[in-house]
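Just below is one structure, and these are the notes that go with it.
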2 protein chains.
Amino acid sequence: MTDRPSTPAAPDIFAALADPTRRAIVEALRAGPQPVGVLAGGLPVSRPAVSQHLKVLTDAGLARATARGNRRYYSLAPEGVESLRRYLDTLWDDALAAFARAADEKAEAKARE
Amino acid sequence: MTDRPSTPAAPDIFAALADPTRRAIVEALRAGPQPVGVLAGGLPVSRPAVSQHLKVLTDAGLARATARGNRRYYSLAPEGVESLRRYLDTLWDDALAAFARAADEKAEAKARE
DNA sequence: AAGGTCGGTCAGTCACGACTTACCGTTAGA
DNA sequence: TCTAACGGTAAGTCGTGACTGACCGACCTT
C-alpha cells in the first residue's frame, strides 16, 4: 500500500501554487486536459517555462500527464487537491477552537472588571 | 479609498503559505494566540523576521493581531482559511469533472477500435 | 527514409524575497 | 520620571527560482 512514488505532501503543494503562472496553468487545466503547446499559447511565457512549471505541478501531485501520440496531455490530479483540502480541514478546526478559546477568555476578562 | 482589508483572495494566501517559516508560525498559532517574542523564541530566525512574516500573514488574511498592554497577540483568522477552502472546493469540482470527461473519452475511444 | 511538430532538458541571466543588524516609538514597572 | 521590555520599520546582503534561447530525442507525416 501507499506505494506513492514521492508522497507530495501539502507543503510542497503550497509552494507549487504560490507562483502566478503556475496558478494560471491550473486554471487553464480546469477546462480539461491540454497539451503543453496549447497551454503555452494562452500564457505570456515561453514553452520551456510552461514545461518547467508542469514538472513542478506534477512533482507536487497536482497534475499528471498522459502521452497520446506526439503530445502529452496534462490534466489536474484530484488527489493533490484533496490532500490540500485535508490539511486545511485540520487547520480550520484548530483555528476555530483557538478562536473560541480566545473569545471565552475575553468574555471572562470583561466579566472580571 | 476602498481600502480592502477583507479581500485577501486565495492567491495571496498560497504565496503566504509557501514559505516554510511562515507555515511554522501558522502551526504554532494553532495552539492559540501568542505574542511575537514567544513565536520568535520557538523558531530558528530572528524576531524582526517573524515580525515581517506576521505582516505577510496578516495582509493575506490568515492572521490577526490584538494588542494587550505591551504585547501584540497574534492568532489565526478563520476567514482566511475558509476563503482558501472555498477556492479549493471549486477547483476540486472542476478537477473531478475533467477527470470524468477524460475517462469517458478514453472509454469511447476504446469502444471505437 | 526525410522533414516537421511536439516537448523535455541545459546553461545562463536577473529579479525578488527571506534573512540580518540597527534604530525608533510605545508601554509597564521602579 | 527613568529604565527596561516589546515589537514594528529601515537598509543592506544573499540565495533561490522564474524566465529565455539553444539543443536534442521522439513521433507522426508524406
* Minimal non-hydrogen separation, B:S75 against B:L29, with atom names ->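 Residues B:S75 and B:L29, closest heavy atoms: C-CD1, 4.2 Å.
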* Quick one: closest heavy-atom pair of A:R22 and A:A16, and the distance? =>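 Minimum heavy-atom separation between A:R22 and A:A16: NE-O, 2.7 Å.
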Without decimals, in angstroms, what is the distance between [X] [atom1] and [N] [atom2]?
X     : N      : atom1 : atom2 : result
B:I25 : D:dG7  : CD1   : P     : 13 Å
B:L54 : C:dA18 : CG    : P     : 13 Å
B:D59 : C:dG17 : CG    : C1'   : 15 Å
A:Q34 : C:dG7  : CD    : C1'   : 16 Å
A:D12 : D:dT16 : CG    : C1'   : 16 Å
B:R23 : C:dA18 : CZ    : C1'   : 14 Å
A:L17 : D:dA18 : CG    : P     : 12 Å

Checking contacts here: which listed nucleotide ([options]) is nearest the side-chain heavy atoms of [X]?
X     : options               : value
B:N70 : C:dG4, D:dC6, D:dG7   : D:dC6
A:S46 : D:dC28, C:dG8, D:dT20 : D:dT20
B:Q52 : D:dG7, C:dT20, D:dA18 : C:dT20

* Check the pair A:E82, A:R86 against salt bridge (charged side-chain N to carboxylate O under 4.0 Å, His left out), reporting the backbone distance first and the verdict last. => CA-CA 6 Å; A:E82 219 252 322; A:R86 270 202 304 271; 2.7 Å; yes
* Any donor-acceptor N/O pair under 3.5 Å between D:dG7 base and B:R72 side chain ->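 No, the side chain and the base share no sub-3.5 Å donor-acceptor pair.
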* Please evaluate the base of C:dG8 for a donor-acceptor partner in the side chain of A:R47 within a cut-off of under 3.5 Å? =>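 Looking at the base of C:dG8, it does pair with a donor or acceptor on the side chain of A:R47 (distance under 3.5 Å).
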Would you say [N] has OP1 or OP2 under 4.0 Å from some side-chain N or O of [X]?
X     : N      : result
B:H53 : C:dC19 : yes
B:R71 : C:dT26 : no
B:T21 : C:dC19 : yes

* With sugar-phosphate meaning primed atoms plus P, OP1 and OP2, does B:Y74 contact a base, only sugar-phosphate, or nothing at under 4.0 Å between heavy atoms? ->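 Result for B:Y74 = sugar-phosphate.
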* Asked: Base, sugar-phosphate alone, or nothing: which one does A:P35 contact when heavy atoms must sit under 4.0 Å apart?
  ->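 Sugar-phosphate, no base atom in range.
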* Classify the ring geometry between A:F14 and B:F14 as parallel (under 30°), tilted (30 to 60°) or perpendicular (over 60°). =>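 A:F14 vs B:F14 ring planes: tilted.
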* To do: Applying salt bridge (charged side-chain N to carboxylate O under 4.0 Å, His left out), run through A:K55 and A:D59 and close with a yes or a no.
  => CA-CA 6 Å; A:K55 174 167 175 46; A:D59 288 347; 3.3 Å; yes
* Tell me which of A:A49 and B:K55 sits closer to the 5' end of DNA chain D, going by the nucleotide each one is nearest to. =>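 Nearest nucleotide further toward 5': that of B:K55.
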